[in-house]
Each structure stands twice: as structure tokens, then as C-alpha cells.
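The next block holds one structure in the form of C-alpha cells; read it before the comments.
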Amino acid sequence: VRVALLAGGTGGTKLAHGFAQVLPGDDLAVIVNVGDDLELHGLHVSPDVDALLYTLGGLIDTERGWGLRGDTFTAHAMLERYGAPSWFRLGDADLATHIHRTHLMRAGATLTEATAAMASTLGIGARVLPATDDPVRTRVETDAGVLDFQDYFVRLRHEPEVRGVQLAGLETARASASAVEAIAAADLVVIGPSNPVVSIGPILALPELRAAVEASSAVRVAVSPIVAGAALKGPADRMLRSLGHEATALGVAKMYAGLVHRFVLDDADADLARDVAALGMEADVLPTVMRTEADRAALARAVMEVSRPA
Ligand code: FO1
């Protein structure tokens, strides 16, 4: 089974790790959000790509959910002393990732090429494919003004209410050809349990990528990032509410209606299955909360199992 997984943030990354545990490397392509990317200290930082590289490479700091396990922050302290922005912390070893990526890109590599080279060095078999090589940057309209994504997410700890989302650069951006091809070649397209607005939204906003999903003959399944009315991590529930959606698995299913054939909701939301099915998709009730690495693999296997063509 060739799987193309759309992902960004913690939930999608954990499910990617689940698929990576149960599929041969080449059979998994992860299409990654780049709307969170930023330029910092002259370096290209790509948080969702980083999280995938570090998770699939077994290097992530699982407590924080970002950066490298055991990293130190000496360079960060020195940058702070120089008066550089200090609210976004790059660890010493993490800094090497951003320096190397930026170096490759200045020498002419695309983000896709730089990511592939780094994934290979880290021994990652799965293809980690940025949704686009062009700069598409998420901006959030909040009560505190229009903010760059990391300004909202990290500096302001996603406290301001989100009133709208803009994708700067979208008009001229082209989807990555590798990502489009991976979707076309997939037997199973999975929308991960990621924030539908700021993680999956910037991927599906690329017209060629959305068209590739719609044109795909694969089984298409989405996994709910909302369990019992709450996001497991991050502001997805509040963001859905302030943008006029229901902050429930059903609310997320409504956002994907017409795009997916199946929708996976957590055991805790079994009572919503009937309403999800009424949207014209199969509702699959599964344990979706991934506490351990084994949970990730089990969810990946279960998603493949329910999606197997009859
Ligand atoms: N998240 C934080 O909350 N604080 C940080 O200082 C921080 C630094 C950071 C550095 C590199 C990287 O790849 C990610 C980093 N993150 C940090 C995580 C991150 O930006 C967000 O969790 C995601 O963008 C949301 O998916």
C-alpha cells in the first residue's frame, strides 16, 4: 500500500511515525505544511519539516514536541546577548539543521531537495515532501492584529482569538511536483489529525494539490484532530470555534465533506459516528490517541485496515 499523508504539527507527525513503522520507506510520502516557516537570524526554519525529520529520525525532544532531544541553548543565549529576537529558541544542534538547510538552498537547492538530502542523511526512508517550494506563509487575523504565524503561536502563546487566516504568497505559489506525484501514485491518501485550518489548510489551498487529492483514485480518509470536543495539543479547538466551525470531530468532518470517503473519529466520539456518516462518508470509530510509539503504529495499521478496498 502506497500512502500519501497530509500532515503538519504534532498529531500528523505522530501518525507519520506510525506509518513509517509499518510501511517500507518508499511506500510512505508525507506532504508537509510550510505555512509555519520563518526566516530567523538569516536562516530558513521550517518547523513542520523539522518535526518530521526529527521524529522519523528518532531525534525529537518528545517532551517539548519540537527541537532535538538533549539539545543545549548556548548559541541562543549569545544571540540574546546581542539583542537578537529571543522568543523563538533555536537549540545548538537544531541550529545546524537550519544552517545546513539555508546553505543548501542558497546554493540553489529547493526546499524539497534540501529536505530529501537531510532526510537521507538522518536515515529516513519515507519521503518528506514540503507542499510547495515557494514561500507561502500563514498569517493570522487576531484581536491583536494580523500576525505572522510564529508570532501568534510562539511569541503570543496562541492566546489571541483568531478571526481569520491569510496565506501570503499563495497566489503565485506552485505545489511541489513531487507532492502532486506522490498523491497521484498513492493507494491511500490520509489527512492526518492535524489542525484543519493552519496545518492542512495551507496544503489544500494549493490548487494543484487539492486537485490531485480530488482526482486521486485512492481511498481518501481523514483522522480527527479533535477528541471529545478538544484538541489534544495546540489551539485547534478554540480556532475552529472562533472561525465559526464546531469544535468537534463532526465539525472537522464537515470541513472535509466531499473530499474524503472515510472519517476516523475517536472511541470517545462514537456517538457522533451517525452524524458523520450522514455527511456521505464512512465513519470509523478507532482509538486515535497516540500516547506511545506503539499507539502510532497501531493507528496507522487500523487506518489501512478500515480503508482496504472490499
Ligand atoms: N515552539 C515553541 O513553543 N517555542 C520555541 O521556541 C520553538 C522553537 C522552534 C525551533 C525550531 C522548530 O523547528 C520549531 C520550534 N518550535 C518552537 C515549534 C513550532 O514552531 C510550533 O510548534 C509549530 O510551528 C506548530 O506546528
Side-chain angles (χ1 to χ4, degrees), residues 5-17 30-57 59-77 79-80 84-102 105 111 114-115 118-119 122 124 128 130-131 135-140 147-160 162 165 167-168 191-203 225 231-239 290:
L5 170 71
L6 277 50
T10 313
T13 301
K14 285 183 175 176
L15 185 56
H17 187 225
V30 189
I31 322 294
V32 194
N33 169 43
V34 295
D36 295 15
D37 288 19
L38 68 158
E39 174 112 349
L40 190 62
H41 316 306
L43 303 174
H44 185 117
V45 182
S46 194
D48 285 352
V49 171
D50 295 339
L52 272 157
L53 292 179
Y54 294 164
T55 300
L56 299 182
L59 300 168
I60 191 108
D61 183 310
T62 45
E63 288 289 303
R64 281 198 307 262
W66 55 269
L68 290 151
R69 192 170 56 242
D71 212 349
T72 48
F73 289 86
T74 309
H76 174 80
L79 284 163
E80 194 167 20
S86 60
W87 52 268
F88 198 87
R89 304 194 310 142
L90 300 180
D92 296 323
D94 187 28
L95 206 44
T97 295
H98 315 302
I99 290 171
H100 189 59
R101 170 188 294 126
T102 306
M105 290 174 70
L111 179 61
T115 303
M118 293 162 76
L122 297 178
I124 295 167
V128 178
V136 173
R137 298 290 172 264
T138 302
R139 300 247 166 82
V140 279
L147 304 169
D148 289 343
F149 182 77
Q150 298 296 347
D151 220 18
Y152 154 76
F153 196 91
V154 174
R155 189 174 68 82
L156 298 177
R157 300 187 186 87
H158 44 75
E159 276 160 13
V162 175
V165 172
L167 297 173
I191 299 179
S194 302
N195 185 316
V197 179
V198 292
S199 294
I200 303 300
I203 301 177
L232 295 174
K233 199 167 180 222
D237 45 8
R238 276 182 52 218
M239 202 182 281
M290 296 173 278

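When a residue number appears, it is its place in the shown sequence, counting from 1. Each ligand, and each atom within it, is numbered from 1 in the order the structure gives. Since the model is a prediction, treat every value here as computed from it, not as a measurement.
Atoms of ligand 1 lying under 4.0 Å from at least one heavy atom of Asp50, given by number and element, are 12 (C), 13 (O). The contact set between ligand 1 and Asp94, taken as ligand atoms under 4.0 Å from a residue heavy atom, comprises 10 (C), 11 (C). Within the listing of ligand 1, atoms 26 (O) sit less than 4.0 angstrom from a heavy atom of Gly9. Against a heavy-atom cut-off of under 4.0 Å, Asp36 is close to the following atoms of ligand 1: 23 (C), 24 (O), 25 (C), 26 (O). Of all the atoms in ligand 1, the ones that sit under 4.0 Å from a non-hydrogen atom of Leu90 are 10 (C), 11 (C). Per-residue contacts place Asp48 under 4.0 angstrom from the following atoms of ligand 1 (heavy atoms of the residue considered): 26 (O).
Between Arg89 and ligand 1, an N or O atom pair is found at a separation short of 3.5 Å. On a distance-only criterion, Ser46 and ligand 1 share no N/O pair closer than 3.5 Å.
The distance from atom CG of Asp71 to atom CG of Asp61, rounded to the nearest 0.5 Å, is 8.5 Å.
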Inset, instruction - Go through the steps for Thr13 and Thr10 under the test side chain to side chain contact (heavy atoms under 4.5 Å, CB included), then give the verdict. - result: CA-CA 5 Å; Thr13 301; Thr10 313; 5.9 Å; no
Inset, instruction - Please assess Trp87 against Asp151 for the test side chain to side chain contact (heavy atoms under 4.5 Å, CB included), listing each intermediate value before the final yes or no. - result: CA-CA 9 Å; Trp87 52 268; Asp151 220 18; 3.7 Å; yes
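Partners of Thr55 according to the side-chain hydrogen bond (donor to acceptor under 3.5 Å, both in side chains) rule, which considers only residues two or more places apart in sequence or in another chain, do not exist here.
Scanning the protein for heavy atoms near atom 5 (C) of ligand 1, the closest one is Trp66 CZ2, 3.3 Å. Of the protein's heavy atoms, Phe153 CE2, 3.7 Å lies nearest to atom 21 (C) of ligand 1.
Ring geometry, Tyr152 versus His158: the interplanar angle falls from 30° to 60°, so the pair is classed tilted.
Under 4.0 angstrom from ligand 1, the non-hydrogen atoms of Gln150 all belong to its side chain. With a 4.0 Å cut-off on non-hydrogen atoms, Phe88 touches ligand 1 through its backbone as well as its side chain.
For the pair Val49 and Pro130, the tightest heavy-atom approach, listed with the atom from each and the gap, is CG2-CG, 4.4 Å.
Distance alone, capped at 3.5 Å, places no donor-acceptor pair between the Arg69 side chain and the Tyr54 backbone.
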